[in-house]
2 protein chains.
Amino acid sequence: MAAAADRDTKRPARMSVWLDGKAASRGRRAGGDQPSGLDRERITSATVRLLDAEGLAKFSMRRLAAELDVTAMSLYWYVDSKDDLLELASDAVAGELVLPDPDADPDADWRDQLRDLTQGYRALLVRHPWLSPLVGHFLNIGPNWVALSLCVQRLIRRTGLPPERQAGGIAAVFQFVYGFGTIEGHFRKRCAEAGLTQDEYFAHAMGAVGGRAELAPVMDAAREMVEARSGETVDDMRDHDFTSAVDLLIAGIEARTVR
Amino acid sequence: MAAAADRDTKRPARMSVWLDGKAASRGRRAGGDQPSGLDRERITSATVRLLDAEGLAKFSMRRLAAELDVTAMSLYWYVDSKDDLLELASDAVAGELVLPDPDADPDADWRDQLRDLTQGYRALLVRHPWLSPLVGHFLNIGPNWVALSLCVQRLIRRTGLPPERQAGGIAAVFQFVYGFGTIEGHFRKRCAEAGLTQDEYFAHAMGAVGGRAELAPVMDAAREMVEARSGETVDDMRDHDFTSAVDLLIAGIEARTVR
DNA sequence: ACCGATTCCCTTACACCGTACAAGGAGCTT
DNA sequence: AAGCTCCTTGTACGGTGTAAGGGAATCGGT
């Protein structure tokens with residue numbers, strides 16, 4: 001299968017674990033521990049570990065259960081569905097982001113904070129390539145995602161962008177990072193699976209493409225753009241592109257700012 | 001299930017239908033028609049129709065086969081795998097985009113062309129919500145995707161952006177549109193599935209969120225941003241955000257341009 | 001007109017998925 | 001000791017993608 005783009009059966013139509021999910025207090029019985037040592041947090045963290053290790057495609061309730069020495073159905077005592085579990089995992093890793101507090105230090109430059117935050121978000125998406133399909137699919141209203149979007153909101157307010165442009169600014173910046181991180185993470189995952197470095201994989205792809213005459217213009221264009229950039233490795237080029245894109249966004253914000 | 005983010009079994013590790021796929025010439029036998037009227041083009045167009053109608057989640061080889069009055073395995077004569085088929089479908093709809101020819105009319109303003117192209121791309125992603133997971137997952141080197149990226153490349157070259165910034169500019173613009181269109185398309189799909197208009201759904205979600213005290217700041221922030229914008233419907237707000245984001249990107253490009 | 005090769009489609013079967021359902025066992029309260 | 005609640009498990013259903021092989025129709029060459 002290709003893309004983790006969908007999960008919907010015909011059930012009631014939930015919006016989010018955070019709204020309709022069963023109480024998180026499952027587990028924690030009065031007297032002592034659970035027979036199996038299971039626990040919502042242990043489950044989500046095992047989920048994250050598995051997703052990191054083997055990807056969204058290979059993740060299954062049965063596989064996770066095996067990892068926890070338990071049957072698949074036991075998990076359903078703590079979680080309503082696989083989707084809910086994934087939503088929990090998504091919020092869990094969102095908590096890895098270190099958020100600046102834009103209002104704490106009035107002298108801090110929003111430019112620096114924006115650069116840090118976008119780099120952090122990008123790194124997050126790359127570190128957990130399974131994340132971006134989920135971000136695209138859920139409402140992202142878990143505590144950590146909420147914290148992030150509040151932070152982003154405060155940050156953008158400090159740019160001086162007029163209020164009616166702020167939402168557009170947020171979209172421009174963070175949808176960009178989302179798209180960029182998605183592609184980058186996916187590419188890196190592909191390389192890892194093929195057992196190649198990024199540069200090897202890139203060379204391999206170029207070779208394969210080179211075999212097709214009709215793709216020649218693409219090759220030319222690609223070569224051209226590669227030469228225009230300073231770096232030599234794929235990583236260098238990507239870093240260059242990312243920072244120059246963010247730089248461009250910052251320039252755009254400044255240009256649309258009331259002074 | 002949630003996201004169509006993945007399909008990888010343990011097979012040889014293909015890169016793309018366009019590189020290793022079986023010859024497209026399957027079908028078209030010399031003397032007359034196929035016994036079942038099957039044909040690679042008929043299959044892909046049926047795939048697109050089904051994906052549009054029921055989404056990536058519900059799409060399956062068996063379902064498609066039923067639509068074509070054929071068994072599932074028959075399809076595998078024309079296509080190596082479900083993934084290959086999806087890649088074909090992806091390129092098929094990419095062909096719906098009308099591309100400007102930036103070099104044809106030297107007087108045309110690149111700003112207008114960029115606005116048109118981004119709107120077209122956005123509309124494409126919204127019209128086919130199943131597309132974006134696929135775009136994230138494949139190499140997108142089918143003829144139509146290639147045509148698009150060549151066009152984008154020529155377009156960006158006309159902005160006056162210095163060469164080493166062009167890749168970043170492309171990324172900033174098109175990853176943004178990708179992210180934006182992904183979210184928008186997904187949201188609209190959700191609404192349609194729930195049988196609600198976007199505004200009803202939005203109101204419903206706000207109501208549900210309002211039930212949780214810890215989410216109050218989000219509500220406030222959301223209200224605030226809603227009020228800052230002119231439009232009243234969700235659609236209006238989104239259009240406003242999109243155009244203002246593109247406007248911001250254009251401003252950024254201009255600011256980083258050599259004159 | 002015959003024959004082997006090619007092309008096309010179908011049947012069967014496998015391993016896997018998410019999860020509904022109901023029965024069971026352990027521990028606490030009474 | 002009985003009963004209750006919490007937790008775990010076994011079994012089963014209806015789906016998935018697709019490997020393997022069978023059989024029919026049609027082709028090219030004779």
Side-chain angles (χ1 to χ4, degrees), chain A residues 1-12 14 21-40 42-43 47 50 54-66 68-87, chain B residues 1-12 14 21-40 42-43 47 50 54-66 68-87:
Chain A
M1 295 282 297
D6 20 35
R7 340 174 167 277
D8 347 77
T9 51
K10 72 208 71 161
R11 283 189 305 173
R14 308 266 305 261
K22 65 175 59 172
S25 56
R26 281 296 167 91
R28 298 270 152 264
R29 73 164 51 183
D33 286 342
Q34 259 60 9
S36 62
L38 238 51
D39 169 338
R40 202 161 175 158
R42 257 174 61 75
I43 293 179
T47 300
L50 249 178
E54 311 188 355
L56 186 50
K58 299 197 167 179
F59 177 82
S60 78
M61 296 303 271
R62 296 194 219 276
R63 179 83 188 73
L64 173 63
L68 292 166
D69 275 316
V70 148
T71 56
M73 289 311 291
S74 299
L75 304 171
Y76 285 92
W77 178 255
Y78 300 90
V79 155
D80 271 348
S81 67
K82 186 185 181 184
D83 262 29
D84 280 9
L85 187 50
L86 292 175
E87 212 174 340
Chain B
M1 294 284 295
D6 20 36
R7 335 168 174 282
D8 349 75
T9 51
K10 72 209 69 157
R11 285 188 305 173
R14 307 268 304 264
K22 63 176 58 173
S25 56
R26 283 293 169 90
R28 297 269 149 263
R29 66 164 60 184
D33 286 342
Q34 258 61 10
S36 62
L38 238 49
D39 169 337
R40 203 162 175 160
R42 257 174 60 76
I43 292 179
T47 301
L50 250 176
E54 312 187 355
L56 186 51
K58 300 199 167 179
F59 177 82
S60 79
M61 296 304 269
R62 296 194 205 318
R63 179 82 188 74
L64 172 63
L68 292 166
D69 275 315
V70 148
T71 55
M73 290 311 290
S74 300
L75 303 172
Y76 285 89
W77 178 254
Y78 299 90
V79 155
D80 273 347
S81 66
K82 186 185 180 184
D83 262 28
D84 280 11
L85 187 50
L86 292 175
E87 212 174 339

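Convention: sequence-line order gives letters A, B, ...; per-chain numbering from 1.
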- Task: Measure from CG on A:Leu64 to P on C:dG18 and round the result to the nearest Å.
- Result: 10 Å
- Any B:Trp77 side-chain nitrogen or oxygen under 4.0 Å from OP1 or OP2 of C:dC9: no
- In whole angstrom, give the distance that lies between atom CG of A:Leu85 and atom P of C:dG18. 10 Å
- hbond_proxy B:Arg62 side chain to D:dT18 base (donor-acceptor, 3.5 Å cutoff): yes
- Could you check whether B:Met61 gets within reach of a base, just the sugar-phosphate, or nothing at all, counting any heavy atom under 4.0 Å? sugar-phosphate
- Note on the structure: Out of C:dG18, D:dT16, D:dT9, minimum distance to the side chain of A:Val70 belongs to D:dT9
- Task: Would you mind telling me which of D:dT18, D:dG10, C:dC10 lies closest to the side-chain atoms of A:Thr71?
- Result: D:dG10
- In terms of side-chain heavy atoms of B:Leu38, which of C:dG18, C:dC9, D:dT16 is nearest? C:dC9
- B:Thr71 OG1 to B:Met61 CE distance, which is reported to the nearest 0.5 Å: 10.5 Å
- Note on the structure: Rounded to the nearest 0.5 Å, the NZ atom of B:Lys82 sits from the CD atom of B:Glu87 at a distance of 14.0 Å
- Taking only side-chain nitrogens and oxygens of B:Tyr78, does any of them come within less than 4.0 Å of OP1 or OP2 of C:dC9? yes
- D:dT9 phosphate, OP1 or OP2, under 4.0 Å from A:Ser74 side-chain N/O: yes
- Choosing from C:dC17, C:dC9, D:dT16, which nucleotide comes nearest the side chain of B:Lys82? D:dT16
- Just how far, in rounded Å, is P of D:dT18 from CG of B:Asp80? 10 Å
- Message: In this structure, how many angstroms lie between the P atom of C:dA15 and the NZ atom of A:Lys58, rounded?
- Response: 17 Å
- Message: Distance check needed: C:dC17 P versus A:Leu75 CG, whole Å only.
- Response: 13 Å
- Task: Would you kindly give the CG-to-P distance between B:Asp83 and D:dG17, to the nearest whole Å?
- Result: 11 Å
- Message: Give me the atom names and distance for the closest heavy-atom approach of A:Arg63 to A:Glu54.
- Response: NH2-OE2, 2.8 Å
- Task: Carefully, step by step, assess B:Leu85 and B:Phe59 under the rule side-chain contact (heavy atoms from CB on, under 4.5 Å).
- Result: CA-CA 11 Å; B:Leu85 187 50; B:Phe59 177 82; 4.1 Å; yes
- Item | From B:Thr47 atom OG1 to B:Leu68 atom CG, the distance as rounded to the nearest 0.5 Å | 7.5 Å
- Here the distance between atom C1' of C:dC8 and atom CG of B:Leu68, to the nearest Å, is 15 Å
- Task: Please determine, for the side chain of B:Met73, which listed nucleotide (D:dT9, D:dA20, C:dC9) has the closest atom?
- Result: D:dA20
- Rounded to whole angstroms, how far apart are CZ on A:Arg63 and P on C:dA15? 18 Å
- Message: Just to be sure I understand the rule, does B:Ser60 reach a base, reach only the sugar-phosphate, or reach nothing, if contact means heavy atoms closer than 4.0 Å?
- Response: sugar-phosphate
